[in-house]
*Asks:* 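This is the structure, below, for whatever I ask next.
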Amino acid sequence: MTPAGTRKVAAYLGALAGLSLTLAACSSGTDPAAYPEDDIEVIVPFSAGGPTDTVTRMIAEPMSEDLGVQLVVQNIDGAGGTVGAGQAATADPDGYTVLMHHIGMSTAPALYDDLAYDPIADFKPVGLVTEVPMTIIASSDFEPETFEEFVTYVQENADTVTMAHAGEGSASNLCGLLLTDALGVEVTAVPYDGTGPAMAELVGGQVDFMCDQTTNTTGQITAGEVKAYAATTPERIEALPDLPTTTEAGQPDIQVSVWHGLYVPAETPDEVVTQLTDSLQAALTDQGVIDQMANLGTAPVSEEQATPEAHATLLEEQTATWADIIGASQGG
Ligand code: ASP
């Protein structure tokens, strides 16, 4: 998409305010009655250390205990999460390859003309996992102290300010576009393969600001390693009680939250999906997972949401929504 195109997308993101932001031996070769017999690879389509990786590792531990095999995280990053998702789409549909992805699963079809997979047709959803608020943060040596000062500073210095994100269609990219659109500015975007490495460079002062999930920002905010300006939620985040919301700061249209879900290739047997869903649901009621998520500003979804049905419904709705928004922004 051209820079003008991305600007137009941003113009429509405001409309999203309030939108939140599933035998016997079969063709796969897996005997569902015996599943799982071996380690399960979980593809995270962003770099290690970022928010998608963090949430995946949180649930991998109790799911490994529950299933009696190891869930092994593989970070296959690049192109806003589409490289890892593409590999998951073509993996053997035997339940031994699972994908963790977020809202980017629903934005990619409209943003990538050459997308090698169909997020709906090529996968079975296993269940939703969590929905994570975002925060607007900056390097500790970035001049503005408050969100109001940030707005003025970015508007006056747009030609020199830099903004990190995790590739086209990533949550940080979408949130950043929404933010800069609300401010009426264009800044230099610096893409990374995930916001884990982006955070390292932000802390190091190599890039100025970023919009990212609390699962990657709460620790650094609390430790004072970054400046935090606002939470992109209607209410303040419990783990960050001093952080004002964008609404409090006079920018109510900047509201984004990032839903995550687990997927398997489309031909995976339903019995295998059911075992993964059951295990996911158990992990999401694990007190350790609940506590870790709470410390990072989020919570597990309800049991009803951690189902293939609820996950499929949200994916379809969000894919249609983003197709409309992005299509309109590109004049389609
Ligand atoms: N937070 C990233 C995003 O902006 C992805 C990640 O590194 O987990 O989509």
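Counting starts at 1 for both ligands and their atoms, in listed order.
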*Asks:* Does Gly104 have a non-hydrogen atom less than 4.0 Å from ligand 1?
*Replies:* no

*Asks:* Could you check if a side-chain atom of Tyr117 sits within less than 4.5 angstrom of a side-chain atom of Thr82, using non-hydrogen atoms only?
*Replies:*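 Yes; the side chains approach each other to less than 4.5 Å.
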
*Asks:* List the closest protein heavy-atom neighbour of atom 8 (O) of ligand 1: residue, atom name, distance to the nearest 0.1 Å.
*Replies:* Thr52 OG1, 2.6 Å

*Asks:* List the closest protein heavy-atom neighbour of atom 2 (C) of ligand 1: residue, atom name, distance to the nearest 0.1 Å.
*Replies:* Thr195 OG1, 3.3 Å

*Asks:* Out of all atoms in ligand 1, which are within 4.0 Å of some heavy atom of Ser170? Include the element for each.
*Replies:* 3 (C), 4 (O), 9 (O)

*Asks:* Where's the contact between Asp212 and ligand 1, heavy-atom distance under 4.0 Å: side chain, backbone, both or neither?
*Replies:*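 Near ligand 1, Asp212 shows its side chain, while the N, CA, C and O stay back.
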
*Asks:* Report, in ascending order of atom number, the atoms of ligand 1 lying under 4.0 Å from any heavy atom of Gly194.
*Replies:* 7 (O)

*Asks:* Thr130 and Thr298: side-chain donor and acceptor closer than 3.5 Å?
*Replies:* yes

*Asks:* N/O of Gly50 under 3.5 Å from N/O of ligand 1, yes or no?
*Replies:*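 The answer is no, given that Gly50 and ligand 1 share no N or O pair closer than 3.5 Å.
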
*Asks:* Do Ser279 and Asp66 have side-chain atoms, one donor and one acceptor, less than 3.5 Å apart?
*Replies:* yes

*Asks:* Output yes when a side-chain donor or acceptor of Ser47 lies under 3.5 Å from a complementary backbone atom of Asp193, and no otherwise.
*Replies:*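 Side chain of Ser47 to backbone of Asp193, a donor-acceptor pair under 3.5 Å: yes, one is there.
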
*Asks:* For the residue pair Ser172 and Thr195, confirm or rule out a side-chain donor-acceptor distance under 3.5 Å.
*Replies:* no

*Asks:* Angle class for the Phe46/His102 ring planes (parallel below 30°, perpendicular above 60°, tilted otherwise)?
*Replies:*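 Because their plane-to-plane angle lies in the 30° to 60° range, the rings of Phe46 and His102 count as tilted.
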
*Asks:* Report, in ascending order of atom number, the atoms of ligand 1 lying under 4.0 Å from any heavy atom of Ala171.
*Replies:*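 Answer, ordered by atom number: 3 (C), 4 (O), 9 (O).
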
*Asks:* Within the 3.5 Å criterion, strictly below it, is a donor on Glu201 or Tyr192 matched to an acceptor on the partner's side chain?
*Replies:*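 Their side chains do contain a donor-acceptor pair, which is all the 3.5 Å distance test asks for.
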
*Asks:* Under a 4.0 Å heavy-atom limit, does Gln213 contact ligand 1 with its side chain, its backbone, both, or neither?
*Replies:*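 For Gln213, the contact with ligand 1 is made by the side chain alone.
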
*Asks:* I need the atoms of ligand 1 closer than 4.0 Å to a non-hydrogen atom of Ala166, numbered in the order shown.
*Replies:*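 Taking each heavy atom of Ala166 in turn, ligand 1 has 2 (C), 3 (C), 4 (O) under 4.0 Å.
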
*Asks:* Quick check: does any side chain N or O of Gln281 sit under 3.5 Å from a backbone N or O of Ala306, one acting as donor and the other as acceptor?
*Replies:* yes

*Asks:* Provide the number and element of each atom of ligand 1 under 4.0 Å from a heavy atom of Ser172.
*Replies:* 3 (C), 4 (O), 9 (O)

*Asks:* Between ligand 1 and His102, can you find any atom pair, the residue atom being a heavy atom, that is separated by under 4.0 Å?
*Replies:*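 The answer is yes: ligand 1 sits under 4.0 Å from a heavy atom of His102.
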
